[in-house]
**Student:** 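I'd like to ask some things about the structure below.
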Amino acid sequence: MKVLKFGGTSVGSVESISNVKNIINDGDKKIVVLSAMSGTTNHLVSIAKDIEEGNASEAATKVKALHETYKVVVNNLLNTNAELNADVQSYVSGVFELLLGATEKAFTQALENEILAQGEILSTYMVNAYLKQEGISSTLLPALSFMRIDAEKDPDIDYIKAHLKTVFDNAEDAQIYITQGFICLDAEDEISNLQRGGSDYTATIIGAAIKAEEVQIWTDIDGMHNNDPRYVENTRPISNLSFDEAAELAYFGAKILHPQTVTPVREDNIPVRLKNTMNPEAHGTLINNNHSEVGIKAIAAKDGITAIKIKSARMLNAHGFLKKVFEIFEVYQTSIDMITTSEVAVSLTIDDDKNLDKILVELEKIATIEVDKNQSIVCLVGHSVVNHHDTYRLFQILQDVKIRMISYGGSNNNISLLINSNDKIKTLSKLNDYLFELVTL
Ligand code: ASP
Ligand code: MG
C-alpha cells in the first residue's frame, strides 16, 4: 500500500481538493495524510498567541472570522449533497465552538497544542465527506488513536504499529483511508504535534509502520529544486536524491520537506516521491537508496543561525576542553550544527537561540566568547561532493563573499559554508550560475 500526503495548498481550495481527488482515485487502496488548509495553522498559532498575551477578545474575533471562511469553503465543496453539507457544517461549527471556548481559558502549552490540532481535524473531515459526495469510498483513521511520540519527542514506533493496526482492523472497509498529518499524542497522552510542517513526517512514520510500498509527498512545486526558487532564478527540480542527500537538504533549509521526513523510512529503503498536485505529470523527485552521480546536486540555505566563537588559552594542548563546551550545550538542550576548531579557539553554530543567554553565562566562565547573529548556513549537497572537481572552484566562485566558517569532510555528501545572511542571495545566485554551468568562470 502507498501513503500519499497532501500539503496545505493541495487542500487549500475547492479546485485543489478536486485535483487531489483525481490523483487518489486510481482504484488502489491507500492511506492519505492531509495537512490543514493553507493558512489555517498560522491563523491558529496567532489565536493561541493572543490568548497567551491576554487578548481573549482579539482571539475570539479571529476564531469567528476563520469560521466564516470555513462555512463558505464547506458550501462550495459539498454543493451537491445537502445531507453531507449539513453534517460537515455542524461538525465544523462544533470545532469552532471548541476554539471559542479555548479563548476564555488560561493559556497553557496543552491548550495551544489542542488549538493547533484543529486545522488537520477540519481538513480531513471535510475531504472525507467530499470524497463520499463524489462517490469514492473513504473513511477516517483518527491520528490521535495511533500516532504518538515518546518523552524524547521521537515517534513511538511500536505503539504506532500496534495502534494503527487496531484502528485499521476496526475501520470500515474503504478505498481511501484518510488521516491527519502533524498531530499526535505525547508520552503523557496529551495532544501534541510533530512541529510545523510535520505532516510530511506523519506520512513517513506511517509508511515505516505499515512497510509501505512508497510514500508520496504532494506539494505545489515539481519536487526538490537544485537551489532555492524563492531567491534564485533558473532553478531546476532534481530527479533523484539519496536518503542522505535529501536529509541534508531538508535539514539545511530546503523548505519543501520537514527535516525529519526521511528518517523513518531510510532503513527499510521505502522510496519517497515528491510530486506536484498542480502538475501531476511532472516527474518530481524520487528519494531512495540508488547510487547517484558524483557532484554537487543542490544548494540550500538555512537562516537564523548564530555563530559562537569560544577562545581559550586553556585549550592549547589541553584535553577535555571540548567536552566541557559540549556539556553546556547539552544541559540547555541546544544542538550544534556546524563546528570548526583551531588550536586556541572553536567556532560553532546553533539555530535555536532560546537559551543563548544562559549558555553564554556558562561559556564565559571557561573562555572568551564572540557571538555573531544573522548568519546563514549555505549547504552544498551531492553524492561524494567532497571528491568532486567543482569543490575546488568554490573559493574562486565566492571570492567576494566573506565566509565565516567552512565545514568540509564531515560527510562525503555535504559542504557547509557560514556567511552573513545579507550575502545569502548573492551567494546562492553565484553558486547557481557557476556550479550548474549556466555561466563559466
Ligand atoms: N499544518 C501544519 C503546519 O502548517 C503541518 C503541515 O502542514 O505539515 O505546519
Ligand atoms: Mg510542508
Side-chain angles (χ1 to χ4, degrees), residues 3-13 16-17 20 31-49 62 66 69-70 73 92 95 99 109 112-127 142-144 147-149 153 155 178-186 191-207 215-225 228-230 237 241 246-247 249-265 272-278 284-285 287 300 302 304:
V3 179
L4 279 70
K5 175 259 168 176
F6 291 88
T9 48
S10 303
V11 292
S13 69
S16 327
I17 296 175
V20 170
I31 296 185
V32 171
V33 176
L34 299 182
S35 290
M37 290 180 72
S38 52
T40 297
T41 310
N42 286 343
H43 216 106
L44 296 171
V45 167
S46 93
I47 289 166
K49 193 153 184 277
K62 285 183 186 164
L66 192 60
T69 315
Y70 270 81
V73 177
V92 167
V95 169
L99 287 172
Q109 188 54 53
E112 171 165 34
N113 289 350
E114 192 181 0
I115 294 172
L116 296 196
Q118 303 311 313
E120 274 71 14
I121 290 179
L122 286 166
S123 64
T124 47
Y125 198 88
M126 287 158 55
V127 172
L144 297 180
M147 190 56 80
R148 191 162 88 150
I149 49 175
K153 298 193 160 48
I178 297 190
T179 191
Q180 296 86 19
F182 178 58
I183 64 177
C184 60
L185 296 177
D186 64 15
I191 297 179
S192 186
N193 61 60
L194 301 172
Q195 309 293 324
R196 296 303 307 272
S199 298
D200 301 334
Y201 197 21
T202 302
T204 51
I205 295 169
I206 295 177
V215 176
Q216 298 180 354
I217 310 277
W218 290 79
T219 61
D220 54 5
I221 180 165
D222 291 345
M224 181 97 84
H225 276 227
D228 196 323
R230 291 171 302 174
L241 284 170
L249 283 171
Y251 187 72
F252 286 110
K255 279 280 167 293
I256 176 175
L257 274 190
H258 181 281
Q260 298 280 15
T261 307
V262 298
T263 315
V265 288
V272 178
R273 205 181 278 277
L274 313 181
K275 296 280 288 176
N276 185 354
T277 309
M278 317 303 161
T285 300
I287 304 167
K302 184 170 174 177

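Residue numbers run from 1 in the order of the sequence given. Both ligands and their constituent atoms are indexed starting at 1 by order of listing.
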**Student:** Would you mind listing every salt bridge (Lys or Arg N to Asp or Glu O under 4.0 Å) that reaches into residues 31-49, with sequence neighbours excluded?
**Tutor:**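 Residue pairs with at least one partner in residues 31-49: K49-E53.
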**Student:** Would you check, one step at a time, whether the test side-chain contact (heavy atoms from CB on, under 4.5 Å) holds for V45 with L116?
**Tutor:** CA-CA 7 Å; V45 167; L116 296 196; 3.7 Å; yes
**Student:** Write down, by chain and number, every protein residue that brings a non-hydrogen atom to less than 4.0 Å from an atom of ligand 1.
**Tutor:**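 The answer is S35, A36, T41, E120, F182, R196, G197, G198, S199, counting any residue whose heavy atom sits under 4.0 Å from ligand 1.
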**Student:** At their closest point, which heavy atom of G119 faces which heavy atom of T40, and how far apart are they?
**Tutor:**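 Shortest heavy-atom contact: CA-CG2, 3.8 Å.
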**Student:** Under a 3.5 Å distance rule, please check whether T202 uses its side chain to pair with a backbone N or O of F182 as donor and acceptor.
**Tutor:**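 Confirmed, T202 side chain pairs with F182 backbone.
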**Student:** Can you list the residues that meet the side-chain contact (heavy atoms from CB on, under 4.5 Å) rule with S38, with sequence neighbours excluded?
**Tutor:**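 Once residues adjacent in sequence are excluded, the partners of S38 under the side-chain contact (heavy atoms from CB on, under 4.5 Å) criterion are T9.
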**Student:** Which residues pass the salt bridge (Lys or Arg N to Asp or Glu O under 4.0 Å) test with K153, sequence neighbours left out?
**Tutor:**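 Partners of K153 by the salt bridge (Lys or Arg N to Asp or Glu O under 4.0 Å) criterion come out as none, since no residue qualifies.
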